[in-house]
Every structure is written in C-alpha cells, then in structure tokens.
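Have a look at the structure below before the remarks.
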Number of protein chains: 2
Amino acid sequence: MTWTPQDDPDRSPEVPAGKTRDALRAAHLYYMQDLTMDAIAAELHTSRSSVSRLLSHARASGLVEISIHSPLDLPSRLEQEILERHEIAAHVVPVPDQASDVDRLDRVALSAARILGRFIDSNQLVGVAWGSTMSAVSRHLVPKSTHNSEIVQLNGAGNLRTTGILYASELLRRFGDAFGAKVQQFPVPAFFDDPATKEAFWRERSTKRLLELQGRLDVALFGVGSPFAEVASRVYQGGYLERDDYAALSADGVVGDVATVFYRADGSSEGIPLNERATGPDFGVLRRAPRRICVVSGRAKLPSLRGAIAAGLITDLITDEGTARALVEHG
Amino acid sequence: MTWTPQDDPDRSPEVPAGKTRDALRAAHLYYMQDLTMDAIAAELHTSRSSVSRLLSHARASGLVEISIHSPLDLPSRLEQEILERHEIAAHVVPVPDQASDVDRLDRVALSAARILGRFIDSNQLVGVAWGSTMSAVSRHLVPKSTHNSEIVQLNGAGNLRTTGILYASELLRRFGDAFGAKVQQFPVPAFFDDPATKEAFWRERSTKRLLELQGRLDVALFGVGSPFAEVASRVYQGGYLERDDYAALSADGVVGDVATVFYRADGSSEGIPLNERATGPDFGVLRRAPRRICVVSGRAKLPSLRGAIAAGLITDLITDEGTARALVEHG
DNA sequence: AACTCGCGTGCACAAACGTGCAAGGAGACC
DNA sequence: GGTCTCCTTGCACGTTTGTGCACGCGAGTT
C-alpha cells in the first residue's frame, strides 16, 4: 500500500476515496452530532465495528483534529514563566512525577507528534535530527497534507540498527509520509573517524546540496543528547564513540549535543575536537531556521537542555512537566 | 464574571478555577496522550466517574475543540457547488433523508452551535434573530471567551411563551453567556398592531440606540420563516398574525421572512404592508453586516431559503444535506 | 444548634466501544 | 480456472465509558 523506498516520487497513501468520505461523514455524525456508533452504522449501512474503525482512521489520518485551549486567563504558569525567562514558547506535557523515563518519553513524544501539525505547513523546509526522541515522535505523527514541503535529515546516523531505534531512513520516511513531503536523506555516519574524511565529503556536490538546504530551513526539529546522564542517549551507546572520545568530552566540559554537535553549559561549542568529526549542522547554521523546536523528556536531560537554551538553539520547547518545573525552579 | 444585565443579575459561571485546571489536565491526558479515564483518575487522585464528568465539562465548556477538515482534494461537492452558484459558504450537515423534521432541526442546530465559535470573535457586534431555529441553536452553544462583544436582538418577540420556544431574553442570554458578551434586548412584540405605534416607538431614544447598533453589525445570525410550509414557523402559530394578515401575505406572493421581515420569491420586500408593522431590520440595514449566517433545516423551507438568497441576505449557510441537495438540484 | 439546600463524590449498573478472529471477496499471478 | 494473498467485514467478547442514585460535606437560614 504505502510505498516505502527511499526517495519515492509516487506518494500514494491511496486510501480509496470512498473510505475517506465515509470516515468524514462518520466523524461529522460522531463528533458534531453526538450520535452513537450504532446509529451511525445504521445511517451508513454498515456494522458498528466498521464505524469504530472508520473513526479511528479519521483520527489517525488527521481528518479529525482535537485541540485544547486553556482559557486566556489561566495559562499554564510554567509555560508563562519559561516564556518570560527564556523567550521560548513552551508546551508542557502533564506527566506524573513518578512516571518512569520510558513512560515520560512515550507520552511527551505522543503529545509532540500531535502538536507538530501546527508548526509544519506547505512550502516549508523542515530539518529533522536523528535520535531516540525523534524516533519516538515519528511513530505517532498525525498526517497533514502539505504541498511542496521537504524533510531534510540534519545529522548522519551510520548504518547501524540500534535497539528500539529505527534506521534513519525509516524515521525520515515517516515524517515524509505524514506531511506528504519529499525526503532528503543524509547517508553518512553520525561521526567520521577522521576529520579529513569529513572535509572531503563536505566537498562533494551531493553533500553541498544538502548543506545548502540545511542552511535555509524554515523549521528545525530535534531532541538533545545527554552524554553523562544516567540514561545516556543512544548516540553514546551505538558504538559511535570510543572511550577516549568520551573522556575528551568530559574534559571539555560538554553537557550535551544537538544533532551530534556538542556544547558546554554556557552554550559554547567552539574548540570541542569531536565536533570536527560530527555530521550535524553548525549552530550558526541551525540558528538561521526561524523556528527551532526541541523535544525533551526526563530531568536527566536538564543540564543538556539548559546548555541548548544558552546556545540559543530553541524557539519552541515541548517537554514534560517535571523537566519544565526543574527548568524554572533552579533557573 | 460575565454580567448579564437585564433579567438575571447573578449569572456567574464562576467555575472554581481548580476545576478548570483539572479538566484541562484531564483533557490533555485523554485526548493528547490517549490514557484511559481509569489511568487519569489515578493521576488526579480521584474516581473514574469524576474524570468522566471532568471531560464532559471540558468539552461542554469549549476547553476541548474538535474540528473536522476535509482534505483539500475532497471538498463536499454540494458545498462547492453552492459556493460557485450563489457565492455562499455552505456548511452541509449530513442527515439521513428519512429523518423527521424535528430530528433534522436538532441535528443541524447542534452542528451549527459547534461551528459558530469560528465566526464570533472579540470586539464584535452580533445580531441574533428570534425563532425556533435560533432557539434550538442556543441550547447547544459551546462557550468561547471573547472581550468586548455584544449580542443584539434583531427582532421583537412579544412576551408570549410559545411551546418549546424560550423567552427571547432567555435565548439571548444563552448567547451572551456562551461568548461572555453583553446582551442588548429589544423588548417589543414581533409585530405591532398599528404602524403608527411602531413609528412612535422607533423615535424613542432607547430604540434608536438599538437600531443604530443593528446598523453596524459584524455578524448577523438568523433562520428563515416559512409561512406557507406544512410545518409553519412558530411566528405563524404564536398568535402574532391574524387570518387577514395571512391572506394578505399570500396575495402578496410572500415566500418567507427573516427576522419578521417578509420577502417574495425574487427577494423583494417592498410593498408588503405587514413589513410596516414588523420589528426586524430592513434588509438594507441587515446587508451591511459583512457576515450573515443563516441556519435552515428541512426542505419545506426551501422556497423561503431561495428567496432569502435572492435577497442577498446570506453569506454563510448552515443546512442539512437534503435541503442543500434540493437547493442545487433544481437551481 | 438544627435544618435545608446545593453540590461534588463514588458506587454500581447499563450502554457504548475497541479488537482478535474467522469468514468472505477482490485482485494478481500461475 | 485455480489458488494465493491481502484486505475488508461482522461477530463476540472484554474493556471502557456514561449516568442515576445515595451519601456526605459545607454554607446559608431560622
């Protein structure tokens, strides 16, 4: 049904148009007129279970959009505070404090995926990083049809398949499918072994074309890595980095990375040798994107998040309540 | 919170702010994170039933908004056609053809009430007519907070309480409550007995003030009356009109009314004596409102609807499928 | 203090809903 | 034409959700 291959021009989610029409009608009857599924089944001459499935389809495919408005006199205190203090539009996802880190990630990712549609529109160039957070988000995207948009991979990911993480191509494809956008892959490892190799590669025409795209993004979408947290990011487990690299990062005072580019607590990223071998975009480049959306879950990533904020990388933040609270508390 | 002048001074939807916060959180968890109500109850330290009620509250009070987007490549054929043929933005409400007229009205009214929020905003002057259709709509309005808006009554309604229909003040109050708007009542009968009385009344300062408001509406909201349909509109049953009046209307070729002002099939309303005694706004006045929303259900009202369209009274139409189809079919 | 009224809560039951499963139907390929 | 595969359908069951009811608490009244 859905074609998967790399850069597939033939994008045909080709749901039989009749199904969409039925789904639309069912959605009207259900959400606008409060009929029960039984009643709808009768009107559509089908079974109740089919209606249930139609409605699922309607939600999953973005025909039905559910949004939540806090009344203007009662904006989340946290979001308000983050806005004032850091000039970042925050979306705080409520998650109980005792939730496990995986729960947290799942729930933030789910919420993030549902919010994303508001940021992505036609004629946009969207940069997407590769990592466990983005992978989780990609699993829940709600389709939204756009014209002439492109998804651009921000950093390489090698060819390894790490547990629970998708091939970069799979992740990108999901974004592409969800928004009907063309996908620009970036088939390089996360880190080169030798800076020289990277430089050589960077001179390639195909690479240059991609870098050029990265330079004029409308939206950038990424998580943050957190090398020294208890639960280290995937990048640090996939065998991309050696013990030595790790030690060097520590010595340099690195607190995190965005799309494989490392930074210190103050947001600086100059003079960190590993960055010479990284494949992600320079922060100067990244900051050209007018909208830079960061998805973070778990307090373990707090130092890393702080660094990314200090580096001015973030314009929109989607995170769990605990992290948001911690961010403003000892701010 | 919202002050309702005239009648009931103590209108305080004043929901304890804590409840709204809980409802908001529950809504996030339910609609954004797909938790079950049980799980939410655990997180909120309450019972599942309370969560169910919280969610109801969240929907009823407009914290949660559900909208349905047809994909751009599949717009309702009917809506498309009405747009092309009459330059009217139509919202067609799906209703099975064999539905009874009361069903039809209910379902159209419910859908209409839920769509209305999109039309009404802050700093707007909204004119509302009085009739069975508007009454049905008023029962289902979804609150939306606005500032500095006013609801203006378009036509008088006497003081009678007709079966199933609310006092005009009650109807208006519901609109006012739903949008946090001030309400401008128009305490006159639907029709005067003597044109002279009307003229006298129209010279009153309080009346003039109201007429002035009617003259600069941003939105007008009304149904259409249908004097000769099988199911005559309420106006024709409430004892407002005499046998003679009725006969006169028939002789004049009247097909319907908007806010007590009558018109013929070609949309003309000049030279209809009853209009001299009517309390609704002249069509010239009405047409000054940039947005004029008409809610109609039931094919019996088709001739009346056609007349209103011919009179150029309608910019936005909300109606049931059967009526919409009939409108374009023998168009 | 006693009483009443209104409101919020949880319980228990009924209604509404989601989903695994087996049967049926429409191509695609042989 | 056969048959293999993939998708869709309705059924049956277990889960999830809505709601009438009875209880309990607090505010206002006598």
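To find a chain, count down the sequence lines: A is the first, B the second, and so on, and within it residues start at 1. Reckoned from all heavy atoms, side chains included, excluding hydrogens, waters and symmetry mates. Since we're looking at a predicted model, the values are computed, not measured.
Taking atom CD1 on A:Ile40 and atom P on C:dC17, their separation rounds to 8 Å, with Å as the unit. Note: NE2 (B:His45) to C1' (C:dG10) measures 17 Å, nearest angstrom. Between the CG atom of B:Asp38 and the P atom of D:dT15 there is a distance of 12 Å, rounded to whole Å. Remark: C1' of D:dT8 and CG of A:Asp22 are 13 Å apart, rounded to the nearest angstrom. Distance, B:Arg48 CZ to C:dG8 C1': 16 Å, rounded to whole Å. Spacing between atom OH of A:Tyr31 and atom C1' of C:dC17 amounts to 11 Å, rounded to whole angstrom units. Going from atom CE of A:Met37 over to atom P of D:dT15 covers 18 Å, rounded to whole Å. In this structure, the CG atom of A:Leu54 is 12 Å from the P atom of C:dG18, given to the nearest Å.
Between B:Ser47 and C:dT9 there is no side-chain N or O to OP1 or OP2 distance below 4.0 Å. Checking the phosphate oxygens (OP1, OP2) of C:dG18, a side-chain nitrogen or oxygen of A:Ser52 falls inside 4.0 Å. Between D:dG10 and A:Thr46, a contact under 4.0 Å exists linking OP1 or OP2 to a side-chain N or O. Distances shown here put every side-chain N or O of B:Arg59 at or beyond 4.0 Å from the OP1 or OP2 atom of D:dT17. B:Ser49 has no side-chain polar atom (N or O) that falls below the 4.0 Å cut-off from OP1 or OP2 of C:dC11.
Ion pairing of A:Arg325 with A:Asp97 is present here, as a side-chain N (NZ or NE/NH1/NH2) and a carboxylate O approach within less than 4.0 Å.
How far CE of B:Met134 is from CG of B:Leu221: 4.0 Å, rounded to the nearest 0.5 Å. The line from CG of B:Asp177 to CD of B:Glu170 is 9.0 Å long, rounded to the nearest 0.5 Å.
Comparing C:dT9, C:dT19, D:dT16 by their closest approach to the side chain of B:Thr36 singles out D:dT16. Across D:dC11, D:dT17, C:dA16, the shortest atom-to-atom separation from the side chain of B:Tyr30 is found for D:dT17. Nearest to the side chain of A:Arg53, among D:dG18, D:dT9, D:dT19, sits D:dT9.
Residue A:Arg118 qualifies as enclosed at atom CZ: its count of foreign heavy atoms under 6.0 Å is above 12.
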Show your working on salt bridge (Lys or Arg N to Asp or Glu O under 4.0 Å) between A:Arg25 and B:Glu321 and close with a plain yes or no. CA-CA 11 Å; A:Arg25 176 173 265 258; B:Glu321 202 168 17; 2.4 Å; yes
